[in-house]
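Scroll down for the structure; my scribbles are underneath it.
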Protein chains: 4
Amino acid sequence: MRRTKEEAEVTRANLLSAALKLFGENGVTATRLEDIARAAGVSRGALYWHFDGKGDIIIELLKTRTDSFFHVLDEALGVAGDPLDRISGALNSLMRHHENDVVFRDAMMLEFERAILDDRDNRFHAYLKQTTERYVKVFSAIIEEGKQYGSIRDDFPTPYLLQFLGALTTGVFMEYRLLSSGNALTPGVNRDAVIKLAIEALKA
Amino acid sequence: MRRTKEEAEVTRANLLSAALKLFGENGVTATRLEDIARAAGVSRGALYWHFDGKGDIIIELLKTRTDSFFHVLDEALGVAGDPLDRISGALNSLMRHHENDVVFRDAMMLEFERAILDDRDNRFHAYLKQTTERYVKVFSAIIEEGKQYGSIRDDFPTPYLLQFLGALTTGVFMEYRLLSSGNALTPGVNRDAVIKLAIEALKA
Amino acid sequence: MRRTKEEAEVTRANLLSAALKLFGENGVTATRLEDIARAAGVSRGALYWHFDGKGDIIIELLKTRTDSFFHVLDEALGVAGDPLDRISGALNSLMRHHENDVVFRDAMMLEFERAILDDRDNRFHAYLKQTTERYVKVFSAIIEEGKQYGSIRDDFPTPYLLQFLGALTTGVFMEYRLLSSGNALTPGVNRDAVIKLAIEALKA
Amino acid sequence: MRRTKEEAEVTRANLLSAALKLFGENGVTATRLEDIARAAGVSRGALYWHFDGKGDIIIELLKTRTDSFFHVLDEALGVAGDPLDRISGALNSLMRHHENDVVFRDAMMLEFERAILDDRDNRFHAYLKQTTERYVKVFSAIIEEGKQYGSIRDDFPTPYLLQFLGALTTGVFMEYRLLSSGNALTPGVNRDAVIKLAIEALKA
DNA sequence: GATGAATGAGCCTTCATTCAT
DNA sequence: CATGAATGAAGGCTCATTCAT
């Protein structure tokens with residue numbers, strides 16, 4: 001069957017979103033290409049026309065993930081005002097997306113997959129590295145800004161504060177993930193409380 | 001061939017520790033029974049003499065994990081003095097073990113494996129649940145104690161403080177994990193800083 | 001590699017006939033999927049493309065067996081004339097097929113495989129039941145007809161005559177089977193004699 | 001544990017009867033040595049002390065089978081009187097044993113196991129051959145005797161009558177077997193009717 | 001662009017057999 | 001005599017990947 005370029009694009013997009021959904025639900029390893037193809041309504045052969053294989057799909061998704069993460073982050077941090085408030089807003093925004101946007105959550109969780117972490121041929125490493133570095137840069141900047149501004153404490157080196165913030169964020173993300181597996185510590189995440197406590201810890 | 005009862009116990013122990021090590025290094029899914037057996041210096045058949053299969057090994061390891069986790073935790077919390085100091089000490093102890101004791105770290109990380117989280121036949125769920133519940137109980141108690149004692153803030157419900165603490169701990173654990181994959185935010189975890197910030201956030 | 005639909009059908013048919021042949025020669029249990037695939041000139045993977053596994057192949061073969069058995073039987077019984085003669089003709093026809101058509105013989109013998117008889121998950125049972133019931137119905141009818149017609153003895157209930165006939169048929173079939181294993185009672189089956197004796201026993 | 005000679009004999013006998021029972025219930029192939037040993041209350045090692053392996057057990061059982069079969073047969077045929085009556089009695093006796101003596105039935109059925117029929121290394125063949133030949137000799141003799149006596153028809157060569165009789169017997173045995181698998185033609189075997197019909201067919 | 005067919009490597013599991021104790 | 005531990009050869013099945021059409 002000959003298809004137009006637009007139809008092909010649709011197929012490609014369907015494959016990607018099907019893959020992300022299934023990766024999120026069942027994990028990268030447990031998701032077969034067959035599953036992805038079926039969910040996208042095409043055959044495995046079609047998948048191989050659009051992508052070079054499983055790894056290629058993952059890379060595409062990692063790219064998208066970086067984009068959507070920083071899109072949310074930049075928007076939240078890019079407002080005017082006290083940097084600490086903006087950090088608070090950013091945390092809130094990230095967590096809200098995690099809670100409400102399943103695509104966003106699936107994309108974030110991709111990062112914690114062993115299949116990606118233990119990247120034997122270093123295919124994915126670059127994409128993760130890139131995110132990490134940008135994350136560090138963005139947050140370091142705003143923390144520095146907050147110190148200058150006077151709202152963020154000055155008695156800790158920025159990397160330490162960054163680490164505190166990063167760990168907390170990661171931990172909350174994991175809680176969301178554990179919630180869907182029924183293994184979370186508490187029956188739900190109280191966004192406001194966690195953020196308030198984090199912000200207080202950073203406060204000058 | 002191992003013949004005596006003691007030698008068999010050694011074989012069994014070797015299999016378990018080989019499994020834990022390999023699960024930690026390469027992930028549960030990527031670890032083949034063949035790998036475990038070879039690392040333990042026996043054949044796959046021997047593995048099946050001691051265990052019912054991969055799942056059975058995982059369950060044994062999860063049991064051990066619970067034991068070692070609470071062993072560390074109880075010891076750290078079980079001293080006299082200000083509950084907040086004891087929490088601080090417990091965090092320190094857990095993180096130190098994570099840093100220095102690779103067996104401990106591998107055991108802790110087992111919990112975040114998708115193969116275990118997405119427990120289709122609910123074989124592992126009970127063991128995770130058990131840990132989670134005990135963790136909640138232990139930490140809730142000491143937080144309450146701290147409130148009574150006057151060193152922990154009283155303006156947040158205990159579950160919220162617990163969640164904050166839990167997320168931070170999980171996040172730091174993940175950082176250790178990411179460090180070994182080369183994907184951590186920072187080149188190392190500064191234990192003291194993270195703990196100090198966390199404790200300050202809880203302080204009355 | 002077979003690519004077109006027709007070629008795929010050929011592959012499928014080859015797999016089935018190879019399976020039947022090997023089941024007949026070596027038994028169901030002793031036949032490996034590898035053997036079947038190799039005999040059909042394809043890989044084991046191809047086998048799994050066409051069938052769900054060994055059990056699925058068996059079911060297909062059982063279906064075919066029912067068809068070919070009743071095809072032979074109906075044709076032989078469906079002529080005009082004395083029912084007893086028609087029974088005689090049917091026995092003759094079945095035995096001749098057993099002697100000359102190795103595919104027919106293998107298909108018939110499938111039924112006596114323990115792997116099929118001791119059908120733990122009741123997958124095959126339905127197919128056997130179906131054949132048995134139809135066999136009983138067909139032969140009961142013609143025996144009744146023969147009684148009416150006056151050529152078959154009336155002093156025995158039909159089920160008893162049916163049983164006599166069935167046992168004799170089964171026994172002769174087993175003889176053919178034993179012949180190929182070199183364990184038969186006699187160096188060959190004398191069709192005419194056995195049938196004549198059976199028919200005389202039934203005669204009014 | 002050191003055991004006396006008598007105890008060892010008991011173990012051996014237990015192993016044999018456990019094996020026969022399990023072979024009868026689940027088939028030779030599906031019965032594991034582990035099953036046999038467990039049913040006999042010993043370990044697999046013990047089994048290997050008494051026997052050389054699965055094949056050795058089968059051979060022992062085949063020997064016993066021959067003995068018990070001819071014991072029943074000889075006793076029934078060895079009376080005085082009309083040979084045809086004695087054949088009738090023998091059939092009755094064999095069928096009665098099949099119906100009532102599970103050990104006898106299991107022993108008889110052993111013969112139809114593929115594992116034994118398709119004896120690749122010809123280990124069992126001799127034992128089967130021996131039975132077959134003796135069976136042929138015994139029945140040929142009594143048929144000849146019946147012809148002489150005048151009660152058995154003279155218009156068929158003895159081998160043909162023998163074959164008729166043998167097939168019928170085998171067929172009835174199979175019916176007993178199928179009964180326990182739930183696949184028999186009729187809900188039970190009517191011994192008297194089948195025998196009467198067979199005898200009439202042979203009658204002079 | 002897409003499909004259906006086929007490959008082949010790899011994994012889990014079973015089980016007869018061996019053997020030190 | 002008997003046990004428990006261990007071996008190793010298969011066998012069934014899965015799945016990423018290839019490719020003619």
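The sequence lines fix the lettering, A, B, ..., with proteins before strands; numbering per chain opens at 1.
Which of F/dG12, F/dA2, E/dT17 sits closest to the side chain of D/His50 comes down to F/dA2. Closest to the C/Thr11 side chain, of the nucleotides E/dA6, F/dT3, F/dA6, is E/dA6. In the set E/dA6, E/dC15, F/dA2, E/dA6 carries the atom at the smallest distance from any side-chain atom of C/Ala8.
Residues C/Glu60 and C/Arg12 are in side-chain contact: their nearest non-hydrogen atoms beyond the backbone lie under 4.5 Å apart. Side chains of D/Leu47 and D/Ile57 form a contact here, defined as non-hydrogen atoms less than 4.5 Å apart. Residues B/Arg177 and A/Leu117 meet the side-chain proximity criterion, which asks for heavy atoms closer than 4.5 Å.
The interatomic distance linking A/Arg12 (CZ) with E/dA2 (P) rounds to 12 Å, in whole Å. In this structure, B/Lys54 atom NZ and E/dC11 atom C1' are separated by 8 Å, rounded to whole Å. Computed from coordinates, the A/Arg44 CZ to E/dT3 P distance equals 12 Å when rounded to whole Å. If you take CG of B/Leu33 and P of F/dG8, they are 17 Å apart, rounded to a whole angstrom. Nucleotide F/dT21 holds its C1' atom 16 Å from the CH2 atom of A/Trp49, rounded to whole Å. Straight-line distance from the OH atom of B/Tyr48 to the P atom of E/dT14: 7 Å, rounded to whole Å. As rounded to whole Å, 8 Å separates atom P of F/dA16 from atom CD1 of A/Ile36. The distance from atom CD of A/Glu34 to atom P of E/dA6 is 16 Å, rounded to the nearest whole Å.
Ion pairing of C/Glu9 with C/Lys5 is absent here, as no side-chain N (NZ or NE/NH1/NH2) approaches a carboxylate O to less than 4.0 Å.
The minimum heavy-atom distance linking D/Ala30 with D/Asp35 is given by the pair O-OD2, 4.1 Å.
Toward the 5′ end of DNA chain E lies the nearest nucleotide of B/Asp52, the other residue of the pair D/Asp52 and B/Asp52 mapping further downstream. Comparing C/Leu47 and A/Gly45, the nucleotide of DNA chain E nearest to each residue sits closer to the 5' end for A/Gly45. Between C/Thr29 and B/Ser43, the residue anchored nearer the 5' end of DNA chain F, judged by the nucleotide with its closest heavy atom, is B/Ser43.
Nucleotide F/dG12 is matched to E/dC11 when pairs are restricted to Watson-Crick or G-U wobble geometry with both distances under 3.5 angstrom. When both pairing distances are held under 3.5 Å, E/dA20 makes a Watson-Crick or G-U pair with F/dT3.
Taking the C1' atom of each, E/dG1 and F/dT21 are spaced 13 Å apart, rounded to whole Å.
In this structure, C/Gly53 reaches the sugar-phosphate backbone alone: every heavy-atom distance under 4.0 Å involves primed, P, OP1 or OP2 atoms, never a base.
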